[in-house]
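Let me begin by presenting the structure, written as structure tokens, before commenting on it.
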Amino acid sequence: MLKLMIGNRRFSSWSMRAWLLLRQLGIEFEAEVLAYVRDDWAATIKALHAAGTVPVLLADGFAVGDSLAIVETLAELFPDAGVWPADRLLRARARSLCAEMHSSFAAIREECSFDVFRDGAPRPLSARGNAQLGRIDAILSSADAREGFLCGRFCAADAFYTPLALRVLQYGLSVSPGAHAYIERVAALPAVRQWIAEAAQERDWPALSPGGRPYHRTVVCADDALRLARQWVGHWNARRLEAVLSMFGEDAVFVSPKAQNLIGQARVEGKAALRHYWTRALEKIGQIEFKLDTADWDAATSTLVVIYEANLAGQRSRAAERWVLDADGRIQYGEAYYGASV
Ligand SMILES: N[C@@H](CCC(=O)N[C@@H](CS)C(=O)NCC(=O)O)C(=O)O
């Protein structure tokens with residue numbers, strides 16, 4: 001029996017490509033999720049295949065890494081399954097498309113990290129991202145009018161472009177009606193529905209970093225946490241209230257004893273109320289100087305704890321803030337704690 005090692009279904013677009021091809025072509029296999037939160041993730045996958053990425057196909061005592069190599073191996077193992085089209089010209093087109101997917105679209109992949117559960121809120125793209133989206137639009141809208149897929153019947157090319165098609169929905173990207181028709185077709189495939197349903201069953205997701213990308217490397221966690229904390233300190237020191245507010249979600253809740261003193265309630269709910277509270281605080285406090293000590297990120301709970309020294313109008317104390325971040329890396333819950341004078 002074939003076995004496919006995959007990453008978390010929610011985030012792993014390359015895993016989805018191999019899995020979708022196998023499932024859609026009706027090839028029997030079992031899948032094993034190697035959750036990114038595991039400390040031994042890299043070691044485990046490297047023990048199977050030295051490249052250290054998912055997917056990895058385990059077949060008859062050998063391991064094949066890299067989605068493109070997996071496709072070719074499947075075509076060899078199951079020559080009649082329809083991995084590539086039977087027609088020579090269509091086969092050449094399908095191979096070109098897969099190779100292009102495999103080696104291109106870095107800006108879109110970077111700016112719109114695959115997330116099955118992203119809500120479709122539009123994300124503006126860089127100029128490079130937009131140019132790549134134009135090419136993707138042309139590919140998706142070139143689907144065969146009769147069969148509905150990129151090279152006739154569903155084949156490896158469709159498995160390769162489906163995660164890109166889903167990104168268009170996840171990030172509210174604007175494409176032509178022709179591309180949309182293709183996207184709706186692949187999104188409705190039973191195998192795609194199954195992938196999404198199974199993604200919803202997985203509970204061992206890594207938290208999202210402030211940039212919205214999943215964490216599975218501690219060094220990324222620590223770097224991003226520190227960057228966010230530094231930004232926050234810089235914004236306050238420069239009295240950039242709107243920049244501070246941009247770090248909070250629209251429905252953010254913030255709890256602080258200072259809010260209790262200033263506006264009569266410790267719990268401030270929503271951005272408008274936060275703006276009101278901090279505008280009053282800035283009016284009242286002549287001098288603000290924060291110095292960052294440490295920032296600790298807990299990926300399991302998406303929580304960042306920032307320890308800093310606060311100098312508010314000459315009153316210096318050690319202080320801490322605990323922030324719970326949402327999927328887009330904005331603060332959805334914050335709480336301030338003040339220590340003894342220093
Ligand atoms: N070229 C590879 C790319 C695979 C890849 O980047 N997989 C991601 C998950 S979608 C991964 O394993 N990332 C982990 C890492 O790079 O440490 C392929 O086509 O399979």
Side-chain angles (χ1 to χ4, degrees), residues 2-23 29 31-59 62-77 83-84 94-118 132 136 155-167 170-171 191-192 195-196 198-199 202 204-209 211-224 299:
L2 292 179
K3 186 167 178 178
L4 187 70
M5 303 297 296
I6 58 176
N8 289 89
R9 286 178 174 83
R10 178 174 172 185
F11 298 116
S12 185
S13 59
W14 291 109
S15 298
M16 184 184 191
R17 291 181 171 96
W19 185 96
L20 185 58
L21 185 63
L22 282 156
R23 177 64 77 236
F29 72 107
E32 185 178 327
V33 178
L34 199 56
Y36 290 133
V37 283
R38 284 173 53 158
D39 288 339
D40 62 348
W41 194 90
T44 308
I45 203 70
K46 275 187 183 154
L48 294 172
H49 193 276
T53 56
V54 281
V56 172
L57 180 72
L58 304 173
F62 64 91
V64 190
D66 200 294
S67 55
L68 204 47
I70 291 173
V71 166
E72 291 296 0
T73 305
L74 291 175
E76 225 174 83
L77 291 174
V83 170
W84 297 119
R95 282 207 164 100
S96 299
L97 287 175
C98 283
E100 184 176 356
M101 174 64 243
H102 199 252
S103 61
S104 313
F105 312 125
I108 293 266
R109 280 154 50 194
E110 180 70 21
E111 292 166 33
C112 303
S113 182
F114 189 74
D115 181 354
V116 163
F117 297 121
R118 193 166 187 283
Q132 291 173 5
I136 290 165
C155 73
D158 301 287
F160 263 49
Y161 280 84
T162 294
L164 267 190
L166 296 181
R167 273 179 167 97
Q170 292 161 8
Y171 288 86
V192 172
W195 176 270
I196 294 171
E198 288 177 3
E202 287 169 15
D204 45 6
W205 293 325
L208 289 172
S209 74
R213 299 170 63 74
Y215 282 132
H216 48 99
R217 290 176 181 219
T218 3
V219 60
V220 177
C221 306
D223 281 358
D224 282 356

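In what follows, residues are counted from 1 in the order of the sequence shown. Since we're looking at a predicted model, the values are computed, not measured. Whatever order the structure lists ligands and atoms in, that order sets their numbers, starting from 1.
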Legend entry - contact_flag Gly7 ligand 1 heavy-atom lt 4.0 Å: no

Inset, instruction - May I ask you to list the atoms of ligand 1 that are less than 4.0 angstrom from any heavy atom of Pro55? - result: 20 (O)

Inset, instruction - Could you tell me whether the side chain of Leu68 reaches within less than 4.5 Å of the side chain of Phe160, counting heavy atoms only? - result: yes

Legend entry - pair His49-Met5: side-chain heavy atoms closer than 4.5 Å: no

Legend entry - Ser67 N/O under 3.5 Å from ligand 1 N/O: yes

Legend entry - Closest to atom 8 (C) of ligand 1 (judged by heavy-atom distance), picking from Val54, Asp66, Val56: Val54

Inset, instruction - State, yes or no, whether a side-chain contact exists between Leu20 and Val192 at a heavy-atom distance under 4.5 Å. - result: yes

Inset, instruction - Of the side chain and backbone of His102, name the one, both, or neither that has a heavy atom under 4.0 Å from an atom of ligand 1. - result: side chain

Legend entry - Side-chain touch Trp19/Trp14, heavy atoms, less than 4.5 angstrom: no

Inset, instruction - Answer whether the closest heavy-atom distance between the side chains of Arg109 and Ser13 falls below 4.5 Å. - result: no

Inset, instruction - Using distance alone, determine whether Trp41 and ligand 1 share an N or O pair under 3.5 Å. - result: no

